[in-house]
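Values below: all heavy atoms of this structure, side chains included; hydrogens, waters and symmetry mates excluded. Order of the sequence lines sets the chain letters (A, B, ...), proteins ahead of strands, with each chain counted from 1.
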Amino acid sequence: MSPRKVLPAGFYARSPEVVARELLGKTLVRVLGGERLEGVVVETEAYHGGGDPASRAYHGRKEYNAAMWEEPGRLFVYNVHKYWMLNVVAHLPGGVGGVLFRAIEPTAGVEAMMRRRPVRDVRELTSGPGKLSIALGVTRELNGYPVTDSGAPVHILDAPPAAGCRTSHRIGVTRDLPEEIRFYADGNRFVSR
DNA sequence: AGGAAGATCTACT
DNA sequence: GTAGATCTTCCTA
């Protein structure tokens with residue numbers, strides 16, 4: 001088997017909904033304390049800039065959300081209701097936006113994830129944005145970190161395009177857009193709902 | 001200094 | 001299915 005390649009910065013330099021859809025099936029890697037935690041991306045959501053009332057960028061650039069304006073292919077991590085949300089910056093040149101990782105299917109380092117987030121049923125481990133951040137040890141410290149180096153604490157490996165992609169409206173947002181820009185793997189048990 | 005909002009989760013019934 | 005807890009950040013005073 002040939003070594004899996006890290007997705008290059010150009011992958012993220014497209015509109016957020018395209019990146020969100022194409023991230024399904026890719027492998028999210030978290031290197032933490034000498035351990036390697038991996039999962040397949042099974043659920044994402046796209047967020048735009050000023051025109052998107054659900055986006056953290058909607059009310060303008062602040063210290064905490066500045067990453068959304070910066071180069072695609074970096075992490076954007078922010079807090080909501082006690083949990084850290086893991087995003088990757090994604091937008092066209094000069095644009096603003098990101099993709100939220102909502103759920104992954106754990107494929108390596110499951111025991112290490114379980115230590116951080118003990119659950120009876122593996123399906124509860126990473127099937128939600130707050131859940132996966134706990135399991136993967138994601139905190140604000142990772143904000144702004146590039147995901148395009150294989151040595152980075154969080155990076156993403158390429159994989160063949162995922163089959164069976166479905167869409168819906170975004171979850172939990174108070175004011176959504178008319179477009180369906182949540183993407184998830186049809187029938188996958190690790191999707192958040 | 002205090003209040004409100006928020007892309008959530010858990011533990012009930 | 002719904003109520004309540006919990007934390008970070010921003011806004012106003």
What is the nucleic acid contact for A:Arg175, judged by heavy atoms within less than 4.0 Å: base, sugar-phosphate only, or nothing?
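A:Arg175: no heavy atom of the nucleic acid under 4.0 Å.
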Stepwise salt bridge (charged side-chain N to carboxylate O under 4.0 Å, His left out) check, A:Arg30 with A:Glu38
CA-CA 6 Å; A:Arg30 168 66 163 137; A:Glu38 296 189 10; over 6 Å; no
Distance in angstrom units between [X] [atom1] and [N] [atom2], rounded:
X	N	atom1	atom2	answer
A:Arg193	B:dT8	CZ	C1'	10 Å
A:Leu125	B:dT10	CG	P	11 Å
A:His169	B:dA7	NE2	P	16 Å
A:Asn87	B:dT8	CG	P	11 Å
A:His59	B:dA5	NE2	C1'	9 Å
A:Tyr58	C:dT9	OH	C1'	19 Å
A:Asp52	B:dG6	CG	P	13 Å
A:Leu86	B:dT8	CG	C1'	15 Å

Is there any protein nitrogen or oxygen under 3.5 Å from a nitrogen or oxygen in nucleotides 6-8 of chain C, and what are the pairs?
residue, atom, partner, partner atom, Å
C:dC7, O2, A:Asn79, OD1, 3.4
C:dT8, O4', A:Asn79, OD1, 3.4

Side-chain donor-acceptor pair present, A:His48, A:Glu17, cut-off under 3.5 Å:
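Yes, a side-chain donor-acceptor pair sits under 3.5 Å.
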It should be established whether A:Arg102 places a side-chain nitrogen or oxygen under 4.0 Å from OP1 or OP2 of nucleotide B:dT8.
yes
May I ask you to evaluate whether A:Thr174 reaches the phosphate of B:dA7, defined as a side-chain N or O under 4.0 Å from OP1 or OP2?
yes
Nearest-nucleotide comparison on DNA chain B, the residue closer to the 5′ end among A:Arg56 and A:Ser192
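The 5'-side residue here is A:Arg56.
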Going by purine N1 to pyrimidine N3 plus the second Watson-Crick contact, or the G-U wobble pair, all under 3.5 Å, which nucleotide sits opposite C:dT6?
none
Watson-Crick or G-U wobble partner of B:dA7, both distances under 3.5 Å
none
Candidate nucleotides B:dA7, B:dC9, C:dC10, ranked by approach to the side chain of A:Tyr64 - the nearest
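Side chain of A:Tyr64 sits closest to C:dC10.
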With respect to the side chain of A:Lys62, which nucleotide from C:dC10, B:dT10, B:dA7 is positioned closest?
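Looking only at heavy atoms from C-beta outward on A:Lys62, the closest nucleotide is C:dC10.
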Is A:Val147 reachable from A:Val29 through a run of I, L, V, M, F, W or Y residues, each pair having side-chain heavy atoms under 4.5 Å apart?
no
Does the side chain of [X] reach to within under 4.5 Å of the side chain of [Y], using non-hydrogen atoms?
X	Y	value
A:Met85	A:Phe101	no
A:Glu124	A:Pro118	no
A:Met113	A:Thr126	yes

Go through the steps for A:Glu180 and A:Ser168 under the test side chain to side chain donor-acceptor pair (under 3.5 Å), then give the verdict.
CA-CA 5 Å; A:Glu180 296 190 337; A:Ser168 81; over 6 Å; no
